[in-house]
**Student:** 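Sharing a structure here in structure tokens format.
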Number of protein chains: 2
Amino acid sequence: MTVDLDDTDRAILRHLQADARTPFSEIARQIGMSSATVHDRVTRMRDAGVIEGYHAKVDPRAIGLGTSAFVGLRVEQGSDAAVDRFVEHLRGLDGVQEVHLTTGDWDLLVRVFAEDTDDLRELLFENVANAEGFARSYTMVVLGTEHDDPALPV
Amino acid sequence: MTVDLDDTDRAILRHLQADARTPFSEIARQIGMSSATVHDRVTRMRDAGVIEGYHAKVDPRAIGLGTSAFVGLRVEQGSDAAVDRFVEHLRGLDGVQEVHLTTGDWDLLVRVFAEDTDDLRELLFENVANAEGFARSYTMVVLGTEHDDPALPV
DNA sequence: CATGAAAGAATGAGCAG
DNA sequence: CTGCTCATTCTTTCATG
């Protein structure tokens with residue numbers, strides 16, 4: 001699971017995190033290596049699971065998802081199995097982007113997207129609060145995203 | 001800001017969200033259009049800001065970031081200017097990936113990555129809690145990410 | 001929105017340090 | 001073992017209908 005990465009690998013990762021469609025030849029030029037080498041390193045990092053994928057980042061508002069929120073969720077009698085079943089249910093819901101198990105007041109912290117507050121209410125009341133195992137929720141509506149850099153510090 | 005997207009655009013977005021390096025020719029084949037058309041649509045959506053970018057998704061653990069957390073933050077006398085200054089400070093910190101303004105108990109909800117709990121403590125105590133305007137924080141350590149789909153439902 | 005052509009990139013084999 | 005050169009194939013890109 002742990003992978004050895006040298007400075008070359010890290011430089012490549014920085015480029016691909018910033019723009020996953022940068023031509024390998026361009027990355028090669030910038031780090032002073034041949035594109036074959038870049039190709040090689042990238043292949044190795046994909047195979048090793050360091051690079052999990054390449055994804056277009058879409059503006060939620062542009063596709064009509066103007067509302068988003070973080071929702072803290074508590075599951076009844078937070079047993080492992082109960083939480084698992086609940087997570088499975090959440091995973092199937094449109095608009096649920098991330099589900100995290102966390103320490104603190106809730107068992108789960110969930111990131112959701114919705115068209116508007118009506119849509120959000122529907123998602124929460126009809127699809128989350130009605131689910132088996134649900135105990136209570138705490139919704140933090142996102143008023144603004146001030147920073148969102150998909151790149152990790154490599 | 002609002003852009004009209006037809007079914008073709010949406011199909012293209014689904015492909016690029018799932019794998020941003022899918023050749024346009026392959027997308028074209030799957031949606032029954034020429035690659036020139038796909039190229040055209042993609043260019044338009046990039047220019048319109050619908051597609052904000054393409055990013056490699058890197059496994060945090062593979063690069064030594066085994067710990068992550070959501071941190072709720074309260075800013076002293078939560079005036080706009082005070083929050084803005086605080087956000088600016090957070091933006092400059094390594095490991096701070098997202099900063100959201102939210103409703104609820106905190107002014108800000110922040111997603112952070114760290115090497116381990118020691119590194120997380122350092123980030124929070126030395127770089128966040130010491131900053132001007134800081135009032136209090138509430139840290140939710142991520143014990144597990146059960147779901148993390150970068151694709152929005154288009 | 002498609003066709004077709006020109007430019008450029010990805011990919012893989014084999015070679016060199 | 002790691003990176004490079006080279007050649008093939010495939011993709012991107014753009015002018016045109």
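Letters A, B, ... mirror the listed sequences (proteins, then strands); counts begin at 1. No hydrogens, no waters, no symmetry mates; every other heavy atom, side chains included, goes into these values.
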**Student:** Under a 3.5 Å distance rule, please check whether B/Asp119 uses its side chain to pair with a backbone N or O of B/Glu115 as donor and acceptor.
**Tutor:**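 Side chain of B/Asp119 to backbone of B/Glu115: a pair is present.
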**Student:** For residues B/Val141 and B/Val110: do they belong to one hydrophobic cluster (side chain heavy atoms under 4.5 Å, members Ile, Leu, Val, Met, Phe, Trp, Tyr)?
**Tutor:**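 B/Val141 clusters together with B/Val110.
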**Student:** Is a side-chain donor or acceptor of A/Arg14 paired with a backbone partner of A/Val154 at a separation under 3.5 angstrom?
**Tutor:**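 At least one qualifying donor-acceptor pair exists.
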**Student:** Can you give me the N/O atom pairs linking the protein to nucleotides 7-11 of chain D at distances under 3.5 Å, or say none if there are none?
**Tutor:**
residue	atom	partner	partner atom	Å
D/dT11	OP1	B/Ser25	OG	3.4

**Student:** Check the surroundings of atom CZ in A/Arg10: do more than 12 heavy atoms from other residues, nucleotides or ligands lie under 6.0 Å from it?
**Tutor:**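 Check passes, neighbour count above 12.
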**Student:** For the atom pair CD1 (B/Ile51) and CG (B/Asp9), what is the distance rounded to the nearest 0.5 Å?
**Tutor:**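 Rounded to the nearest 0.5 Å, the CD1-CG separation comes to 9.0 Å.
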**Student:** Near DNA chain D, under 4.0 Å by heavy atom, which residues of residues 32-46 of chain A?
**Tutor:**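 By residue number: A/Met33, A/Ser34, A/Ala36, A/Thr37, A/Arg41.
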**Student:** For DNA chain C, note the earliest and the latest nucleotide, 5' to 3', having some atom under 4.0 Å of a heavy atom belonging to chain B.
**Tutor:**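 Range of nucleotides within reach of chain B: C/dC1 to C/dA10.
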**Student:** Less than 4.0 angstrom from a charged side-chain N to a carboxylate O is my criterion; do B/Asp59 and B/Arg61 meet it?
**Tutor:**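 So B/Asp59 pairs with B/Arg61 through a salt bridge.
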**Student:** Under 3.5 Å, is there a donor-acceptor pair linking the side chains of B/His100 and A/Thr145?
**Tutor:**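 Present: a donor and an acceptor within the cut-off.
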**Student:** Start with the C-alpha gap between B/Ser137 and B/Arg74, add the side-chain angles, then the distance that decides, and say whether side chain to side chain donor-acceptor pair (under 3.5 Å) holds.
**Tutor:** CA-CA 6 Å; B/Ser137 68; B/Arg74 208 164 226 315; over 6 Å; no
**Student:** Answer yes or no: does atom OH of A/Tyr138 have more than 12 heavy-atom neighbours from other residues, nucleotides or ligands under 6.0 Å?
**Tutor:**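 Result for OH/A/Tyr138: enclosed.
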**Student:** Using ring centroids (six-membered ring only for Trp), state whether B/Tyr54 and A/Tyr54 fall under 6.0 Å.
**Tutor:**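 That pair fails the under 6.0 Å test.
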